[in-house]
Structures are given as C-alpha cells and as structure tokens.
Amino acid sequence: ALEEAAEAWLAKRAQAAAAVETAEDAAADQPPLIARFLMASADATNGFGIDEVSAALNAVARGQEPRRLFPRFEAPVPMVWERARGMLEAVKSGRDAAAAFLEPPHTADAEEEEKAEAASVGAAARAEIKRHHAPRAEVVALWNAALAQYPALAQDELAGTTAEQTLDDALNYLEGEGAVLQSHMSAILHLNPPWLAETVRPLADHRLREGEDFIDDLAGAMEAQGLCEEFTAVAQLELFVKNAQCSKSLLGWLLSLEHEPTGHVNVLARYGMPLDTVCELMLEHRVMFKAPARNTASGGGGSGRMASSTKGSTKGEPLVGDWIKVEGKGVGLVKGKEKLKLAASPHIIDFTRSGGTVEKVVLLRSKFGMSNGGSKYEAADEPLLYEAANEPLLHEVADEPALVFIIPTKLPTERPAEFDTALKQGQ
C-alpha cells in the first residue's frame, strides 16, 4: 500500500511539473523545474534552493579566512611533483628515470620530444608498459639519485622540504589522481594500478555460479596444465562458490591458469608477482581476509599458517624470534634487540626471506602517551621458501594446516558453518 501511494504521488508531481513547464503564460514567480520535476527546497524554513546551497559550498571551499578548509583545492601543483610523475612514467615504460625527472611530461621541450618520438616509433610502442609495479625502496633510490644529479634544481624546488617528504606528498597527489597506488605495508608502488584488477577478476567470476559445466571446464584446464588433480579443483571451486572459502592452493591455481576459452590469464607470470606477495596485497587492501580459526577438540589449530617455532624463545625478550611485517620494509624475522640508553633501541630484523636485508629498525612504541617515532608493524606468518625463483606457486607443507581465506564476493550461497565464528549470510 505504501509503494502504491508513493507511486501515485510521484505521478501527480510529474503531471504538475509538466503543466507548469508547458504553460504559455506562466508567471515569473512559479517554481523552477529540473527535468520536468519541481526543484526541491534545501531549506524549508528560509526557502534556500539547490543553487544557493551550491554557491555556499563553493564559497566555503574557496574561502581564505580564518583558514583554508581544503588547503590543496585549486592550489598550483608544485613542479617537483610533476617531476616525480615523469620519473615514475619513465620507470613504467623502461626509459631513463633521471632524464624524465629533468624534463617532466608536461613541459614544452618534453612535448616536442614526445611528438618526434611518436612520429618515428609510433604511439603504441611509446605507450608500452614494461613494469607494472616497483618496490618502494627502488623508487626512493631513483628519486634521491635524480635529486643528487641535479642539485641546483633540487635546492630550488624542494624549498627546504626533505626529499622523502616531497616524494611522499607527490605520491599521495598522484594516488589521488589514480595514476599510482601505494601498498604501504607491502612496500610496493603500483605504477599501473589496473594490473590488480586481473588478480580479482577470476575470484569474482559470475560464471562459477551458473552451473557445474563451467567449474568442470575450469578444473579440467587446471589438471591439463599440471596445476592439480581435476577432482581436487572441483571440490575446492564448489566450496569457494558455496561459502567464500578459498585455499591458498586454489588461489594459486586460479592466478596461474592460462586458458583462452575461459579468459583466464597467468597473472603471476604476466605481472612478475609471487603468490605470497599477491596474498599480502589482497589482505592489505581488504580484498580478502584470513579465515577464522577452527575450534578443535584440543583447543588449538587454525586456518592460518603458524609462525616460526622459535617464537618468543630468546629469554623472554618481546618480539625476538617472531615474524613481523614492518611498514615500508616487508616481512622479517626479529633476531635480537640492540639496547641503547639515550635513544630508542632498534630491533635487528632479517628481511632476506621477503627480498630485503638484515636491518636495525626502531619499532613503534609508546610510553606514557608519548611515541618513539618508530615504524608501524604487525604480526605476520613465516614466508615460505620457493623451489625455484620462477616457480611462485606454493606447495603445502606436511603437518601444517592449509591456509584458507574468506573472499567476500557475491558468489557465496551459504555461511561457512564449519568455522567457529559469527559470520552472517553474505559476509
């Protein structure tokens, strides 16, 4: 009854608006119209309309007193940020980063050079993407090298701001534009963010719910390429569709399958990203979550891979022996702690398993409400070793529980009841 009344009211309103609009002798003080509908007042008491509200919002956005509400709104873009853009575009396309820093894309000289290049080699070759992502440490090193190569320019354009802060500001600006994407915890800068969509596409494939034929075809292709047995793939795909549970093995198979009939591409090989790192990225950006731990009879167990067996083994020193993920560094094993009296004591962390080195890092601590200014960190799982550098798929380790994720797409039809959790339908 309520829906019928609402529809009748909308019909009458449309008729009244049309009548007012077509009346030849309509008075100037009649209500204004938007697409044959009466313009609603944004303030029933004072009679302010949408136009007045829009003007007020623009005035607030541009107001200078007592201070700018949006400091960056309509503010000029610093030239040094455009140099950062040029450098990152050069890294993405495999060109000289320092040269691109000196002549960013929007300058007149660079535009003329691009026109000449396009005429000689063609726009398609110029636009070819060579790298889709880069470690943040590499980007920082290239930035510092470019600044060192042009010290006079750097001194003039940095204007007293540190090189690191300027780069951070530029990256935030470019990220707001959608030109890059930052994965802070994984310490990766995505130069071509759309590549991440390739990792999500097979996980949100509506064809998985359309029947058994597609699942059978997919599982058969996985077996034909030596990824797994067909019956294993069928069972895991059905479980994934049923309640969003996706094992790490299944995730690896889906992202490694190269199968033109179903439109699957080998994401791990095409974009040069190991499965462990892809999992970290998807967890960091909340594309998926680790499944809640099972409640076993012994009181232990769980769906996540256990941390190192040396956890907490060094004479009760907190964190020593633990695997942790440090913002901007990656996953590492805490080997020890250097005791200092007049400064924050750094931990000695081995990042070699995640592509880094052994470093001394001050971890974020607070005492009496005061922070020591250290790096943010969180507990992490021990990274697995690979059989070979070109084999990113992980094999399950004997006597360890399989790692399972919950991927919240529209696929699930049932709640994962076997987990001891309060997840509701669709979560």
Side-chain angles (χ1 to χ4, degrees), residues 77-150 153-154 157 163-164 166-201 255 265-274 277-278 280-282 284-285 287 328 330 355-356 390 392:
V77 177
M79 184 62 180
V80 71
W81 292 4
E82 291 298 333
R83 297 189 188 280
R85 183 202 301 275
M87 184 191 78
L88 295 175
E89 287 293 331
V91 174
K92 183 167 70 172
S93 59
R95 294 180 286 115
D96 189 320
F101 173 89
L102 181 62
E103 292 290 346
H106 80 280
T107 62
D109 292 342
E111 288 178 359
E112 291 300 323
E113 183 180 343
E114 286 188 356
K115 290 178 181 178
E117 184 182 359
S120 60
V121 300
R126 178 171 52 87
E128 183 181 358
I129 298 175
K130 300 292 182 62
R131 299 187 63 182
H132 299 270
H133 46 77
R136 178 181 169 83
E138 179 185 345
V139 173
V140 172
L142 289 171
W143 177 253
N144 290 333
L147 292 174
Q149 188 170 341
Y150 304 104
L153 184 150
E157 296 189 4
E164 183 177 2
T166 302
L167 179 59
D168 287 340
D169 292 341
L171 291 178
N172 290 335
Y173 161 69
L174 294 173
E175 186 174 44
E177 280 192 352
V180 300
L181 176 66
Q182 301 179 80
S183 295
H184 295 284
M185 291 302 299
S186 302
I188 293 174
L189 181 66
H190 304 280
L191 306 172
N192 179 40
W195 87 267
L196 291 168
E198 293 281 0
T199 67
V200 179
R201 185 174 293 115
L255 297 181
V265 298
N266 189 335
V267 175
L268 302 181
R270 175 174 294 190
Y271 297 106
M273 186 67 77
T277 305
V278 171
E280 290 177 6
L281 291 172
M282 295 176 73
E284 178 176 348
H285 293 285
V287 175
N390 60 349

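Below, all heavy atoms of this structure are taken into account, side chains as well, without hydrogens, waters or symmetry copies. These numbers were taken from a predicted model, which means no experiment stands behind them. Position 1 is the first residue of the sequence; numbering continues from there.
To the nearest 0.5 Å, atom CG of residue L142 and atom CE of residue M87 are 5.5 Å apart. From M273, atom CE reaches atom CG of L255 across 11.5 Å, with rounding to the nearest 0.5 Å. One distance of note links CG of D168 with CD of Q182; it measures 7.0 Å at 0.5 Å rounding. For the atom pair OG1 (T199) and OH (Y271), the distance works out to 9.5 Å, reported to the nearest 0.5 Å. L153 CG to R83 CZ: the interatomic distance, rounded to the nearest 0.5 Å, is 4.0 Å.
Residues meeting the salt bridge (Lys or Arg N to Asp or Glu O under 4.0 Å) test with E138, sequence neighbours left out: R131. H285 is linked by a side-chain hydrogen bond (donor to acceptor under 3.5 Å, both in side chains) to S183, counting only residues two or more places apart in sequence or in another chain. In this structure W143 satisfies the ring-ring contact (aromatic ring centres under 6.0 Å, His included) test together with F101, sequence neighbours excluded. Scanning for side chain to side chain contact (heavy atoms under 4.5 Å, CB included) contacts around V77 gives W81, E82, Y173, with sequence neighbours left out. For N266, the side chain to side chain contact (heavy atoms under 4.5 Å, CB included) criterion is met by S256, E258, L268, A269, not counting sequence neighbours. Taking the salt bridge (Lys or Arg N to Asp or Glu O under 4.0 Å) definition, one finds that D96 meets it with nothing, sequence neighbours left out. A search for side-chain hydrogen bond (donor to acceptor under 3.5 Å, both in side chains) contacts involving N144 returns nothing, not counting sequence neighbours. Shown here are the salt bridge (Lys or Arg N to Asp or Glu O under 4.0 Å) partners of E198, two or more places apart in sequence or in another chain: R201. Annotation: side-chain hydrogen bond (donor to acceptor under 3.5 Å, both in side chains) contacts of N192 (sequence neighbours excluded): H132.
Looking only at distances, a side-chain donor or acceptor of E284 sits under 3.5 Å from a matching main-chain atom of M185.
Two residues are said to be in side-chain contact when any heavy atoms from C-beta on lie closer than 4.5 Å; D169 and V80 fail this criterion. Two residues are said to be in side-chain contact when any heavy atoms from C-beta on lie closer than 4.5 Å; L88 and L189 meet this criterion.
Ring geometry for W195 versus H133: interplanar angle of 30 to 60°, hence tilted.
Sorted by first and then second residue, the pairs that involve residues 171-192 and meet salt bridge (charged side-chain N to carboxylate O under 4.0 Å, His left out), not counting sequence neighbours, are R85-E177.
Heavy atoms only, all atoms of each residue included: R95 and S93 are closest at NE-OG, 2.9 Å. Here the shortest heavy-atom pairing between A179 and P193 reads O-CD, 3.6 Å. Among all heavy-atom pairs drawn from L174 and A84, the shortest one is CD1-C, 4.5 Å.
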